2 protein chains.
Amino acid sequence: MVARTANVSRVAVSRAFNPHASIKPEKRDLILKVAQELNYTPDMAARSMVTGRSHLVGIIVPDVSGPWESQELDAMTTALQAEGFATLLFRTRDDLSLDETLLTYMKGFNPDSVIAYAENVRPTTLARVLDRAVPIYIGYPDEEVSEEEAAPLFDRLDVLQRDGIEQAVALMQGYGARRFAFLAGKTNSLATQSRGRMVRKILAERGLPPPILIQGDYMYDTAYRETLNQFRLGEPVDAIFAANDVGAFGAIDALRTELGLRVPQDVKVVGFDDIHQSHWKSYNLTTVKLDLTERTQALLRLILRRLKNPTSPSLTETVSTRLVVRGTVG
Amino acid sequence: MVARTANVSRVAVSRAFNPHASIKPEKRDLILKVAQELNYTPDMAARSMVTGRSHLVGIIVPDVSGPWESQELDAMTTALQAEGFATLLFRTRDDLSLDETLLTYMKGFNPDSVIAYAENVRPTTLARVLDRAVPIYIGYPDEEVSEEEAAPLFDRLDVLQRDGIEQAVALMQGYGARRFAFLAGKTNSLATQSRGRMVRKILAERGLPPPILIQGDYMYDTAYRETLNQFRLGEPVDAIFAANDVGAFGAIDALRTELGLRVPQDVKVVGFDDIHQSHWKSYNLTTVKLDLTERTQALLRLILRRLKNPTSPSLTETVSTRLVVRGTVG
DNA sequence: TTGTAGGCGTTATCAA
DNA sequence: TTGATAACGCCTACAA
């Protein structure tokens, strides 16, 4: 270490950089000054070996470039950075087999915590591979959760889908919609399953027929194509509830540019997420907002709390949803 | 270490995980098998201390959620991961003062390389703070580069803007455009400056008047507002060349929804980047494509080469641009 | 092919 | 408030 050659002894430098340590203020200032001149920074790797804290939080995402994913990644990275953590980013494909390797690899970096936005990475898998990091289960209260996963072992972040979805259905119904379609995301996605069930449930409560399923995968192109197929080959509908905003864009464009239908006059469309793009005038999408700030803060709270007290009992944070009314219903 | 208690000695485990080491195959297999059972993974932090390789690549982005940024981040993370590197993600604001702190903090993680997409982080700053990592200068050949930065000290990734921009101007001119506007990005952005100069130059070469400047910041809302201002308060134009796609979207929406103008009949619009969203039917944007795969691969080549041979002379990779013709010119 | 010894940079412990 | 010492887990010599 360079700083010690400059003037004083060894551990003093360590203390100078550690706020809690007891060291004479003037001495600390001197050391910090010399350190800056010598362009010295404590080595996090060495530090992590002895403290057991890497100050790294692993984030696993299936597709960084998705609008929702990237906005969530952005918010989370910003929040983590403010707390002194660096984001260790990993990208996974839909290929499940890859994930074991990836997780093992990630384990080598000893992240203090791991957030897996990829829904094919189950918390049990996470817990098995990463012994240090305790996973958080992002769930939807109405879903069927297997016993082991629902165990109080894991902290949970629950998304209350009901409010936003009910508001959306009510609004569309209020404007005369009777025949609903649900534009689903990936089949195995928990979010899409949960949203689909909730839509079905609320339609039933309101005396409306169950929704027609349009099978999407959260992507624009698929939503565009499948919406076309639905109207050309299947039964037309007068309302589409999409499992995410990007899918809603695809549906809207299919309706307007290819089918010659008007939104919202002929078909009403509601999305889910409220990404930045949803307020772009060409879409001006009415959508169920999942508050990103709220979600990020809740997630961060869970992580920090678990890190501070690893043995504390598991906790569940709750995030709400609500409808943002724009121009695709009316 | 657990694996050694299981059966054999210490360094054998190290060798088993290091492909180059000499160890009896059957012994290696045994060790790897036991390691898997015991859920053991080599500690990268400890390894990095002795090898000097952290297998971490720092990436600094001003806004992860921007479509272009997130798509680039996605591509780069994927490419790095394939080479055994993990992405260490940092987010910077436009506030320049923050960056020094951030860089110092990042230095603590000892990244093997750093990619700064934030243009306010100059390579000289990077080189000063991070002694291990050698920065790559992402430049535009026609720009004025200060002597020290142009020094052969840095590897360069040059973006040849000319081809794509010339094609774009030619196409718009060919369809009758005479009065051009340049919708700029952030003022201090090198990319926007370079693109602006090139547009001006090519217009001059073709006997067209210099472009009117519409001052944007790469964001949708600003582009929308400033386009409105230009047509209402200033001189109307019949062609808009935007410094990025998102800005082009804002301009298009302002023209269509608020000004009652048709694109491309009344005003032609060309963007820059070719992000995923550009082929969405509502925009169907004609744009200058900056090939992401090509760019990512070039960047990766530079990084790997520099890592393998730190003292090799500096190299410049070149990435081209080309026009993707869709529906906003015609 | 295998094992032993030393050290990477840091912090925790303990003694002064 | 300070300093000496040990330890974190790994790899690169060197020796067997």
Side-chain angles (χ1 to χ4, degrees), chain A residues 1-32 34-36 38-56 84 86 104-112 130-133 307, chain B residues 1-32 34-36 38-56 84 86 104-112 130-133 307:
Chain A
M1 190 194 285
V2 253
R4 55 187 67 128
T5 63
N7 46 348
V8 287
S9 66
R10 305 186 50 176
V11 288
V13 180
S14 170
R15 291 198 240 266
F17 278 95
N18 205 313
H20 310 292
S22 56
I23 183 175
K24 205 183 290 178
E26 52 196 60
K27 192 164 200 169
R28 161 172 288 153
D29 292 342
L30 173 64
I31 293 176
L32 290 179
V34 173
Q36 188 163 17
L38 268 53
N39 193 27
Y40 161 82
T41 314
D43 185 329
M44 298 298 264
R47 173 179 289 177
S48 85
M49 284 193 58
V50 51
T51 60
R53 286 265 165 270
S54 62
H55 287 261
L56 255 28
T104 307
Y105 184 65
M106 180 161 72
K107 178 178 147 68
F109 290 100
N110 270 323
D112 289 338
L130 280 63
D131 35 16
R132 273 180 39 169
L307 246 39
Chain B
M1 193 192 282
V2 253
R4 56 187 68 127
T5 62
N7 45 349
V8 288
S9 67
R10 305 183 52 176
V11 289
V13 180
S14 170
R15 291 199 239 266
F17 278 95
N18 205 314
H20 311 291
S22 57
I23 183 175
K24 203 184 290 177
E26 52 195 59
K27 191 164 201 167
R28 161 172 288 153
D29 292 342
L30 172 65
I31 292 176
L32 290 179
V34 173
Q36 189 163 14
L38 267 54
N39 192 26
Y40 163 82
T41 314
D43 185 329
M44 297 299 264
R47 173 180 288 179
S48 85
M49 285 193 60
V50 51
T51 60
R53 288 265 166 269
S54 62
H55 287 262
L56 254 29
T104 307
Y105 184 65
M106 181 161 72
K107 178 177 146 68
F109 290 100
N110 272 323
D112 289 339
L130 280 62
D131 35 17
R132 273 179 41 169
L307 247 37

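This one's a predicted model, so the numbers in the text were calculated from it and none came from an experiment. The chains referred to below are lettered A, B, ... by the order of the sequence lines, with proteins before strands, and numbering in each begins at 1.
When all heavy atoms are compared, the tightest approach of B:Asp112 to B:Leu307 is O-CD1, 3.3 Å. Residues A:Tyr40 and A:Val13 share a closest heavy-atom pair of CE2-CG1, 4.0 Å. The two residues B:Lys107 and A:Thr41 come nearest to each other via the heavy atoms CE-OG1, 3.1 Å.
The CZ-P distance, from B:Phe17 to D:dC11, rounds to 9 Å in whole Å. Put simply, NE2 on B:His20 is 15 Å from P on C:dT1, counting in whole angstrom units. Rounded to whole Å, atom P of D:dG9 lies 18 Å from atom CE of A:Met44. One can place CG of B:Asp43 at 9 Å from P of D:dC11, the figure rounded to the nearest angstrom. Residue B:Arg53 contributes atom CZ, which lies 12 Å from atom P of D:dT12 at whole-angstrom precision. In this structure, the CG atom of B:Asn18 is 6 Å from the P atom of D:dT12, given to the nearest Å. For the pair A:Arg47 CZ and D:dC10 C1', the computed distance is 20 Å after rounding to whole Å. Rounded to an integer number of Å, the gap from A:Tyr40 OH to C:dC8 P is 14 Å.
The phosphate of C:dT11 (OP1 or OP2) has a side-chain N or O of A:Ser14 nearer than 4.0 angstrom.
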Spell out protein contact along nucleotides 1-8 of chain D as letters: B when the base is contacted, S when just the sugar-phosphate is, - when no protein heavy atom is under 4.0 Å; keep the 5' to 3' order. BBBBB--B

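Inter-axis angle, ends of the helix from C:dT1-D:dA16 to C:dA16-D:dT1, five pairs per end, rounded to 10 degrees: 30°.
Partners of A:Asp29 according to the side chain to side chain contact (heavy atoms under 4.5 Å, CB included) rule, which considers only residues two or more places apart in sequence or in another chain, do not exist here. Partners of A:Ile23 according to the side chain to side chain contact (heavy atoms under 4.5 Å, CB included) rule, which considers only residues two or more places apart in sequence or in another chain, are A:Arg15, A:Ala16, A:Lys27, A:Arg28, A:Ile31. Shown here are the side chain to side chain contact (heavy atoms under 4.5 Å, CB included) partners of A:Arg47, two or more places apart in sequence or in another chain: A:Phe17, A:Pro42, A:Met44, A:Thr51.
Taken to the nearest 0.5 Å, the OG atom of B:Ser48 stands 9.0 Å off from the CZ atom of A:Phe109.
With contacts defined as side-chain heavy-atom distances shorter than 4.5 Å, the pair A:Thr104/B:Gln36 does not qualify.
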